[in-house]
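Numbered from 1 within each chain, the chains take letters A, B, ... in sequence-line order.
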There are 2 protein chains.
Amino acid sequence: MPEKKNSSNIGSVTKALNLVDLVMAGPKEGLTLSEIAREMKSSKSATHATLRTLVDHNYLRMSEPGPRYLPGMALIRLGDLASARDPIASLSRSIMNELSKKTGLTVRIARNYDGYPVFIERIDGPGVVRFFTPLGIRELPHVSSAGKAILAELSDERIREIVEESGLEARTPKSITTLPKLMADIRKIRVRGYAVDDEEDAQGVVCIGAAFYDHFGQCAGGISATGLKSELPTEEIAKLGIKILKHAEAITKKLGGKVKVRG
Amino acid sequence: MPEKKNSSNIGSVTKALNLVDLVMAGPKEGLTLSEIAREMKSSKSATHATLRTLVDHNYLRMSEPGPRYLPGMALIRLGDLASARDPIASLSRSIMNELSKKTGLTVRIARNYDGYPVFIERIDGPGVVRFFTPLGIRELPHVSSAGKAILAELSDERIREIVEESGLEARTPKSITTLPKLMADIRKIRVRGYAVDDEEDAQGVVCIGAAFYDHFGQCAGGISATGLKSELPTEEIAKLGIKILKHAEAITKKLGGKVKVRG
DNA sequence: GAACGCTGTTCGGCAATACCGAACGGAACC
DNA sequence: GGTTCCGTTCGGTATTGCCGAACAGCGTTC
């Protein structure tokens, strides 16, 4: 996804990075040079040069027998390093582990990117169910508990701005799709301290999240726990909310922030 | 690290990718444009264009107040996706989790890259100790248990080749530094099925690993568990070795490979 | 077996384009 | 105010990455 079409970017670099995305979105067996060249609307020779450069840097690699291009190990290296360098991700890991172990749920944390959640770390629960939850993407705030927990920390005006920017897409019949309903939910979140996503993003999936704060007192992001609706009856949710709030406060402390007092 | 200096690569792309590495290796606060331009031996304007391109694609981002460049969220996105797309990493995760939970140790898996280990996934133990173990890097095979477990699956000739290529660097006084000693250890590994690294990579750190196989019967990689020497007395190691061997066999089965029978 | 289609790869020539240096605008510091 | 960093912008130059054609290696098909 070409996030912004700013001009005066370096063309060959843009092309190379788009090419990485193309391979990442491609099939498991990989893509051939010709397929990539076609998709990129570029000549085979030019594409070949770009591919070789990416392979030399291990961003891509060739599949073993067939000459197909696959994601390379540099991506894993950079992802791991970026995660280790991120103070929020690295400081939160032990707390996430603890929460996941206690609850048996999938735990994630999101950074606050101008009001939008970007999940940067995930710890899968022990169960067989695995949730498809990509990291490193700016997501819609109204369909995840971490996103709503972050929203609740913004001014009402900023929330309105974000809604106008991105809309309120319905992912399920239970998704919040109007501003008044969203604001009502936000108000609830502000008093009790945690947010609930009750099948608003995916059918049968519930998640509960709370915000944490940096040393400026700003909302740095949110932590959430995700599970199946069948595992999480309504009466459990309140108890779990308190538990997650406590863990969010632990992250706040690690970040050197002040824990918010709730009225 | 410019892995290979192959000519006829696209210069601007090479420059951009080296620039990413530079920022990744830089300080936590990030690097300024001028610092980067100096380091890259390039003009500020050219460096600026490259940086803008990388920022637009979220490979890099600007630090909040100061104009400094930091790793961007695309790296986390790509790393997570690459890991999810890797059949070995994704199929092994539940088994790694189980092993880590049972033993309380840090569990890692490495891919077999032409005889060299490349760790692609890590699950930290619950303890406070965290090991510095980067992923996605081709490592020396003789100083890790997973590396030695992979070596043991190669022909003696190939082992000799690898040793000539990369040498036997001493990381600690206990590191194996001569070919005869390495071969003696390899023979032990071949009979008992698991490899032991007894403070050969880092003082006070022990790890135990075993190989797993793909559907061609080839060694696809190795799994290992790492802990402090103080937590792992010698009499525990044999028991743990068997346990890890069992988990390696479970991975083999998931990959559709045949479990090796040991004489 | 030879022709065909498809791969991936290499090479020369042209033109686009990424480089450089200089100049500008802003912030911080003395 | 002066000075010295910073980041940013702009045009001219020539470097360089693009294209198309030609070649080589497989599989299939006739």
Side-chain angles (χ1 to χ4, degrees), chain A residues 2-23 26-72 216, chain B residues 2-23 26-72 216:
Chain A
E3 314 280 344
K4 275 176 190 173
K5 278 273 176 182
N6 240 340
S7 62
S8 82
N9 275 8
I10 299 199
S12 42
V13 175
T14 297
K15 198 169 274 187
L17 302 187
N18 286 338
L19 206 156
V20 171
D21 280 337
L22 186 69
V23 171
K28 269 209 163 161
E29 325 84 60
L31 292 168
T32 65
L33 168 64
S34 308
E35 289 168 341
I36 295 168
R38 243 178 279 136
E39 199 71 31
M40 285 265 137
K41 284 162 191 161
S42 178
S43 70
K44 277 194 293 180
S45 48
T47 307
H48 181 62
T50 306
L51 282 169
R52 191 183 22 218
T53 307
L54 289 169
V55 169
D56 278 355
H57 286 257
N58 289 120
Y59 277 62
L60 300 179
R61 65 173 230 269
M62 310 268 307
S63 67
E64 264 323 305
R68 301 183 114 85
Y69 291 90
L70 291 168
F216 298 116
Chain B
E3 313 281 344
K4 275 176 189 173
K5 278 275 179 181
N6 240 341
S7 62
S8 80
N9 275 10
I10 300 197
S12 43
V13 174
T14 297
K15 197 170 274 187
L17 301 187
N18 287 338
L19 206 155
V20 171
D21 279 338
L22 186 69
V23 171
K28 269 206 164 161
E29 324 85 59
L31 292 167
T32 64
L33 167 64
S34 308
E35 289 168 341
I36 295 169
R38 243 178 277 136
E39 200 70 32
M40 285 266 138
K41 285 162 190 163
S42 179
S43 70
K44 277 195 292 179
S45 48
T47 307
H48 180 62
T50 306
L51 282 169
R52 189 182 25 215
T53 307
L54 289 169
V55 169
D56 278 355
H57 287 256
N58 291 121
Y59 276 63
L60 300 179
R61 64 174 232 266
M62 310 268 309
S63 68
E64 265 323 304
R68 301 184 115 85
Y69 290 91
L70 291 169
F216 297 117

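Straight-line distance from the NZ atom of A/Lys15 to the P atom of D/dG17: 12 Å, rounded to whole Å. Rounded to an integer number of Å, the gap from CD1 of A/Ile10 to P of C/dA16 is 18 Å. Between the P atom of D/dC18 and the CG atom of A/Leu19 lies a distance of 11 Å, rounded to the nearest Å. Spacing between atom CG of A/Leu31 and atom P of C/dG8 amounts to 11 Å, rounded to whole angstrom units. Between the P atom of D/dC6 and the CD atom of B/Glu35 lies a distance of 8 Å, rounded to the nearest Å.
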If you apply the rule side-chain hydrogen bond (donor to acceptor under 3.5 Å, both in side chains), what do you find for B/Ser34 with B/Thr32, and how did you get there?
CA-CA 5 Å; B/Ser34 308; B/Thr32 64; 4.7 Å; no
Run the side chain to side chain contact (heavy atoms under 4.5 Å, CB included) check on A/Met62 and A/Tyr69 step by step: do they pass?
CA-CA 5 Å; A/Met62 310 268 307; A/Tyr69 291 90; 3.3 Å; yes
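Regarding contacts with the backbone of D/dG17, every side-chain N or O of A/Arg52 stays at 4.0 angstrom or more from both OP1 and OP2. Remark: A/Arg38 is not in phosphate contact with C/dC6, judged by side-chain N or O atoms under 4.0 Å from OP1 or OP2. Note on B/Thr32: every side-chain N or O is 4.0 Å or more away from OP1 and OP2 of D/dC6. Between D/dG7 and B/Ser34, a contact under 4.0 Å exists linking OP1 or OP2 to a side-chain N or O. In this structure, A/Ser42 reaches the D/dC19 phosphate: one of its side-chain N or O atoms is under 4.0 Å from OP1 or OP2.
Across C/dT10, C/dC20, D/dT9, the shortest atom-to-atom separation from the side chain of B/Ala46 is found for C/dC20.
Remark: the B/Lys44 side chain and the D/dG7 base include a donor-acceptor N/O pair separated by less than 3.5 Å. Interface remark: the B/Ser45 side chain does form a donor-acceptor pair with the C/dG21 base, using a distance-only criterion of under 3.5 Å.
Within 6.0 Å of CD on B/Glu39 lie no more than 12 heavy atoms contributed by other residues, nucleotides or ligands.
For the atom pair CD1 (B/Ile36) and CZ (B/Arg68), the distance works out to 10.0 Å, reported to the nearest 0.5 Å.
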